[in-house]
Amino acid sequence: MAVQKPSIPKGTRDFKPTEMAGRNYIFNTIRSVFEVFGYLPIETPAIENLTTLTGKYGEEGDKLLFKILNSGNFLDGISPVADPQLPIPGYRELTPLISEKGLRYDLTVPFARFVVQHQNELIFPFKRYQIQPVWRADRPQKGRYREFFQCDVDVVGSASLLYEVELIQIIDEVFSRFGIETTTLFNNRKILAGIAEAIGSPQSLTDITVAIDKLDKVGLEKVCQELKERGLNDLAIRALQPVLLMEGTISDKIETLEGLLKNSETGKKGIEELKHLCSLLKEMKLRNKWNFDVRLARGLNYYTGTIIEVKANDIAMGSICGGGRYDDLTGIFGLPGVSGVGISFGADRIYDVMAELNRFPETIQQPTTVLFANFGPEEERFALQVLAEVRKEGIPSEIYPDASKLKKQLEYASRKQIPFVALIGKDEIESGMVAVKDMNTGGQSLMGREEFISRLKNKS
RNA sequence: GUGGUCGUAGCUCAGCCGGUUAGAGCGUCAGAUUGUGGAUCUGAAGGUCGUGGGUUCGAUCCCCAUCUUCCACCCCA
């Protein structure tokens, strides 16, 4: 058989030990912040029933779902070309027949499913965190992978704005610990809905949000042009101008919106929530910036209230954290009227930002503390005993597998950044001492076992 | 899904107008040095030129397809 070139699917990556050190540092930090705020972990399967996933992320989202072909003969019982009289079904019709499972696209929808399924066993408000990979059949590019980790915190079973505040505090704490300066932008879907109402086309909420989301990128003119293409009339577009051009402090913006939305109940509710949130946040003394931004839209269509997005200040990268409130995500699974709010940290993007900004602490690598050199079968037996003692003390240690030249053994230690090498040869066995070489200074000294171990303990 | 881009040794990259046996640096391995790493020197190994077709007397080079990389759009973490 011809050897095949080893490869992994597009948009996926292998992680070497040095990279894992950074990744674990990120996961551990985020996890410990989540726990400080009283969230508990759950996990859900990588694969879900396709019916759980489809239709939750909009039409675009459905296209990005990885679907799993049914096991066995997935064509059993369906034969689209057997009868030439019948029309050949499109992939939309065919997909559910040959695939009934898919890889999860995010952690929020599986969580909603989880909550409904276990509703009688959970304590509400239910606060959970979840750190697991998700998959999207997207085309890879900067900061975009087909397999990546999300770190979600959500709370369901309460509509309290206290949780919005809590999530923004979590964001602040996480990025402070990472040393990344961020800006947390938020908006409220109810305000966007109110705007759509106010300009007389409530049905074009999505079109409006998608278009104005691009304002920073493409400018006012193109946004208006796009709105026109999406079917908005000139009057509506003109009515939208004050929103698009809105500047100044949060209270300035709120004032503008109050004028515009005075006839929209939904809009007024949104403004009220916004004001409440801002007044709470003002008292929190956060270290990172935050701001209200009407132009923030977010495409995920299950959001109904506050929406949140976080960007790193010093680097061009998509959002590194995002989320919002969803009033009825559990409704589709048969549990209506349960409000939830949550955010998701993009661990892989955070890694990229940390790497580029050089924010990883030096101490995250945990290399072996001591290597026992190998001088042959006799010495090996003796070294093994000392090694066991050292390991009993919890000191990461290893022995070189064969009696290669010392040069080679030391080089191995040097490359693995192992700070100490224990040399136990015939002389040492006789005297009961250990020769310890300090790889940083190059110096070497003889010591008894107890001193040896306490020396390693202090250094490790 | 749309548009563009990249692919030559483990890594970073040369390779002239299409022409003999595809090169360099770094790394790897061995030795100089049989109980002492990082330096130096000597030597060696390592290539389906991403893959598959095509044009040509002849293709790493030109054409087509495909995979992969990176980037923009869409969308998003």
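A, B, ... follow the sequence lines: proteins, then strands. Residue 1 opens every chain.
Atom-to-atom, CD1 of A:I180 to C1' of B:A77 comes out at 13 Å; the value is rounded to the nearest Å. The distance from atom CG of A:L64 to atom P of B:A77 is 11 Å, rounded to the nearest whole Å. The nearest whole Å value for the distance from the CZ atom in A:R415 to the C1' atom in B:A39 is 16 Å. A:I8 places its CD1 atom 17 Å from the P atom of B:C67, with the value rounded to the nearest Å. If you measure from atom CD of A:Q141 to atom P of B:G4, you get 16 Å, rounded to the nearest angstrom.
Nucleotides B:A45 and B:A22 place their P atoms 14 Å apart, quoted to the nearest Å. The gap from the P atom of B:C29 to that of B:G46 amounts to 16 Å, rounded to the nearest Å. With P as the reference atom, B:C49 and B:A9 are 10 Å apart, rounded to whole Å. B:U21 and B:G53: their C1' atoms are spaced 27 Å apart (whole Å). Nucleotides B:U60 and B:U51, compared at atom C1', are 14 Å apart to the nearest Å. To the nearest whole angstrom, the two C1' atoms, one in B:C70 and one in B:U5, are 7 Å apart. When the C1' atom is compared between B:A32 and B:C17, the two are found 47 Å apart, to the nearest whole Å. For the P atoms, the distance from B:C67 to B:G15 is 29 Å, rounded to whole Å.
Atom CD1 of residue A:I171 and atom CG of residue A:L167 lie 6.5 Å apart, to the nearest 0.5 angstrom.
Counting only residues at least two apart or on different chains, no side chain to side chain donor-acceptor pair (under 3.5 Å) pair has a member in residues 431-443 of chain A.
For B:U68, one of the phosphate oxygens OP1 or OP2 lies less than 4.0 angstrom from a side-chain nitrogen or oxygen of A:K10.
The distance between the ring centers of A:F66 and A:Y105 does not fall below 6.0 angstrom. For an aromatic pair to be called close, the ring centres must be under 6.0 Å apart, and A:F27 with A:F149 satisfies this.
Put simply, the side chain of A:R139 and the base of B:C75 share no donor and acceptor less than 3.5 Å apart. Under 3.5 Å, the side chain of A:R144 and the base of B:A77 form no donor-acceptor pair of N or O atoms.
Contacts with RNA chain B (heavy atom under 4.0 Å) in residues 311-325 of chain A: A:S319, A:I320, A:C321, A:G322, listed by number.
A salt bridge does not link A:D106 to A:R136: none of the charged nitrogens lies less than 4.0 Å from a carboxylate oxygen. Note on A:E411 versus A:K408: no salt bridge recorded, every NZ/NE/NH1/NH2 to OD/OE distance being 4.0 Å or above. With respect to A:E19 and A:R23, no salt bridge is recorded, no charged nitrogen being found less than 4.0 Å from a carboxylate O. With salt bridges taken as basic N to acidic carboxylate O contacts below 4.0 Å, none links A:E48 and A:K101. Ion pairing between A:R146 and A:D138 fails under the 4.0 Å rule for side-chain N and carboxylate O.
By the side chain to side chain donor-acceptor pair (under 3.5 Å) test, A:R139 is found to be paired with no residue, residues two or more places apart in sequence or in another chain being considered. Partners of A:K426 by side chain to side chain donor-acceptor pair (under 3.5 Å), not counting sequence neighbours, listed by chain and number: A:E379.
Counting non-hydrogen atoms under 4.0 angstrom, A:Y145 reaches a base of the nucleic acid. Among the heavy atoms of the strands, none lies under 4.0 Å from A:G61.
If you find the closest nucleotide of RNA chain B to A:T12 and to A:G346, the one lying nearer the 5' end belongs to A:T12.
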Within the 4.0 Å limit for protein heavy atoms, which parts of nucleotides 30-37 of chain B are touched? Write it as a string from 5' to 3', B for base, S for sugar-phosphate only, - for none. SS---BBB
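Considering A:R449, A:R455, A:K457 as possible partners of A:E393, the one that fulfils the salt bridge (Lys or Arg N to Asp or Glu O under 4.0 Å) test is A:K457.
The side chain of A:K142 has B:C71 as its nearest neighbour among B:C76, B:C71, B:C75.
Helical stems in RNA chain B, defined as runs of 3 or more consecutive Watson-Crick or G-U wobble pairs with both donor-acceptor distances under 3.5 Å, are listed by first residue as B:1-4 with B:70-73, B:10-13 with B:23-26, B:28-32 with B:40-44, B:50-54 with B:62-66.
With a 6.0 Å radius and a threshold of 12 heavy atoms from other residues, nucleotides or ligands, A:Q444 has its CD atom above the threshold.
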